[in-house]
Amino acid sequence: MSNTYVTQPSLPPLDEFVQLLQQIWSSKRLTNNGPFHEQFENALAEYLDVPFVSLFCNGMMALQVGLQSLKITGEVITTPYTFPATTHAIYWNHCTPVFCDIDPLTCNIDPEKIESLISPKTTCILPVHVYGMPCRIESIKHIADTYGLKVIYDAAHAFGTKLNGTSLCSFGDLSILSFHATKVFNTFEGGALVIHDEKLKRRVDYLKNFGFANETTVVAPGSNGKMNEMQSALGLLQLKHVDESIRQRVQLAELYRQLLNNIPGITLLDPIEHLTPNGAYCPIFVEQQSYGKSRDQLYQILQHESIYGRRYFYPLISQLPAYRGLPSAAPDRLQIAVTAAKQVICLPLYADLTAETVERIAQIVRDNAVPG
Ligand SMILES: *Cc1c(COP(=O)(O)O)cnc(C)c1O
């Protein structure tokens with residue numbers, strides 16, 4: 001039996017991409033704000049319904065430059081329940097991450113617990129819309145406005161999602177997107193910052209190109225975060241197909257939800273009202289006592305059936321060697337996140353996954369329940 005992995009990238013028809021490559025070969029414009037870069041940047045801003053987008057070579061670099069562009073210093077309040085990039089970007093900007101526990105309904109940072117973590121050094125909140133589930137945007141904004149903090153959303157999972165019809169990356173001072181192969185929308189590797197004002201857009205564009213404002217003016221110690229023409233051309237093509245891919249994902253996610261209903265010890269996150277989801281992930285949570293097996297036992301059983309889920313997110317970032325000594329990393333302060341990390345498995349979910357495979361996976365999960 002062939003292996004089923006947690007994800008499989010969607011790709012456009014190859015001949016369409018080859019035609020665009022031919023244009024690159026004749027223009028010899030490979031990078032540095034070429035024609036495809038400009039077209040893709042505009043098309044993406046329009047697709048996401050946001051004022052400005054700045055394209056990047058990946059999401060991590062977008063995060064690092066985003067933090068630099070707002071001159072974030074000191075302490076940044078963030079979630080431990082995320083991919084390492086979120087926290088590493090804080091570290092690479094010489095700031096200290098301060099971990100805040102999560103809300104069990106969404107697995108996102110719990111705004112009720114942010115205020116007690118604010119110190120005179122706090123300058124920014126960096127929440128993540130985990131699995132494309134929306135953070136509590138209004139509460140976070142209220143806290144940020146009260147204490148004069150910036151908000152940068154890690155929206156790497158949230159491509160194409162909307163809340164009350166508004167793109168989820170419209171909020172905060174910046175949102176970052178990732179177009180890595182494993183994400184809902186990919187350019188092989190890639191990323192972007194969503195920006196709301198022209199001045200900040202200009203600053204970000206300088207910073208991702210070594211700080212160059214023009215031929216002889218280097219305004220700041222920038223980095224090299226540019227997206228090249230090949231990635232941009234692919235992005236333009238992918239945009240044409242992404243709605244269909246999201247539709248298929250959402251349908252399969254709903255099928256999982258029906259089939260995994262009422263299994264003792266197995267829970268899924270409840271759908272959020274007024275959210276247009278993107279079907280990015282299908283996390284399930286295994287409660288050992290009622291299921292009769294641990295999460296890791298089920299994870300192994302699935303692997304024996306050639307089903308490769310992933311434990312997103314385990315281990316918690318606060319338990320990594322680089323961060324576990326921080327006072328905010330103490331597990332007893334992060335109990336909800338500790339539990340989620342212990343129970344979660346993301347099941348395979350991607351546009352080309354078949355309904356039959358979803359049925360088979362759900363059946364394995366059901367058949368292995370041994371309620372006590
Ligand atoms: C994938 C991901 C990133 C980083 O994206 P890259 O494009 O791989 O650098 C950042 N944050 C989260 C939550 C992610 O899942």
Side-chain angles (χ1 to χ4, degrees), residues 5-10 40 44 53-68 76-93 97 99-100 102 106-109 124-135 151-161 168-169 171-172 174-194 204 208 223-228 230-232 234-235 238 249 269 278-283 309-318 320 322-323 337 340-341 344 346 349-350:
Y5 297 104
V6 71
T7 194
Q8 179 180 291
S10 295
F40 178 42
L44 188 61
V53 161
S54 183
L55 298 173
F56 280 82
C57 54
N58 59 50
M60 170 82 186
M61 192 53 89
L63 253 172
Q64 285 178 241
V65 170
L67 285 157
Q68 279 282 315
V76 178
I77 297 176
T78 190
T79 171
Y81 192 75
T82 183
F83 186 70
T86 316
T87 324
H88 290 349
I90 296 170
Y91 186 92
W92 276 63
N93 276 279
F99 296 109
C100 178
I102 59 172
T106 58
C107 291
N108 289 332
I109 198 166
C124 181
I125 307 172
L126 176 33
V128 183
H129 300 298
V130 175
Y131 312 132
M133 299 284 275
C135 291
V151 180
I152 301 178
Y153 281 105
D154 182 338
H157 296 185
F159 190 95
T161 56
L168 203 53
C169 45
F171 303 101
L174 288 171
S175 291
I176 80 109
L177 291 165
S178 165
F179 310 145
H180 184 261
T182 53
K183 303 301 203 278
V184 167
F185 177 88
N186 85 78
T187 56
F188 288 15
E189 294 246 21
L193 279 174
V194 171
V204 164
K208 76 174 180 192
S223 189
N224 181 3
K226 300 186 298 292
M227 178 180 274
N228 66 44
M230 209 158 44
Q231 291 168 295
S232 306
L234 181 64
Q238 296 280 51
R249 281 173 172 274
L269 296 176
N278 63 0
Y281 298 91
C282 180
R310 289 294 298 270
R311 288 165 290 188
Y312 292 147
F313 288 106
Y314 169 82
L316 283 184
I317 306 308
S318 49
L320 301 182
Y323 307 114
V344 73
C346 283
L349 182 57
Y350 48 88

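Keep in mind that this is a model prediction, so the values were computed, not measured. Indexing begins at 1, ligand by ligand and atom by atom, following the structure's order.
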So if I apply the side chain to side chain contact (heavy atoms under 4.5 Å, CB included) rule between I90 and each of L63, V76, I77, which one comes out positive?
V76
For each nitrogen or oxygen atom of ligand 1, which protein N/O atoms lie closer than 3.5 Å, and how far apart are they, rounded to 0.1 Å?
unit_1: ligand 1; atom_1: 5 (O); unit_2: S178; atom_2: OG; d: 3.1
unit_1: ligand 1; atom_1: 7 (O); unit_2: G59; atom_2: N; d: 2.7
unit_1: ligand 1; atom_1: 7 (O); unit_2: S178; atom_2: OG; d: 2.7
unit_1: ligand 1; atom_1: 9 (O); unit_2: G59; atom_2: N; d: 3.3
unit_1: ligand 1; atom_1: 9 (O); unit_2: M60; atom_2: N; d: 2.9
unit_1: ligand 1; atom_1: 11 (N); unit_2: D154; atom_2: OD1; d: 3.4
unit_1: ligand 1; atom_1: 11 (N); unit_2: D154; atom_2: OD2; d: 2.7
unit_1: ligand 1; atom_1: 15 (O); unit_2: H157; atom_2: NE2; d: 2.8
unit_1: ligand 1; atom_1: 15 (O); unit_2: K183; atom_2: NZ; d: 3.3

Pair up each side-chain donor or acceptor in residues 183-194 with any protein partner under 3.5 Å, not counting sequence neighbours, and list the distances.
unit_1: N186; atom_1: OD1; unit_2: F188; atom_2: N; d: 3.0
unit_1: N186; atom_1: ND2; unit_2: S10; atom_2: O; d: 3.0
unit_1: T187; atom_1: OG1; unit_2: E189; atom_2: O; d: 2.7

Looking only at atom types and distance, does a side-chain atom of K208 sit under 3.5 Å from a main-chain N or O of L55, one as donor and one as acceptor?
yes
Pairs under 3.5 angstrom only: tabulate donor-acceptor contacts from the side chains of residues 127-134 to other protein residues two or more places apart or in another chain.
unit_1: H129; atom_1: ND1; unit_2: C135; atom_2: N; d: 3.1
unit_1: Y131; atom_1: OH; unit_2: Y81; atom_2: OH; d: 2.6
unit_1: Y131; atom_1: OH; unit_2: Y312; atom_2: O; d: 2.8

Pair listing, side-chain hydrogen bond (donor to acceptor under 3.5 Å, both in side chains) test, anchored in residues 58-68, at least two apart
Q68-N93
Yes or no on side-chain contact (heavy atoms from CB on, under 4.5 Å) for Q238 and F179, after CA distance, side-chain angles and deciding distance?
CA-CA 11 Å; Q238 296 280 51; F179 310 145; over 6 Å; no
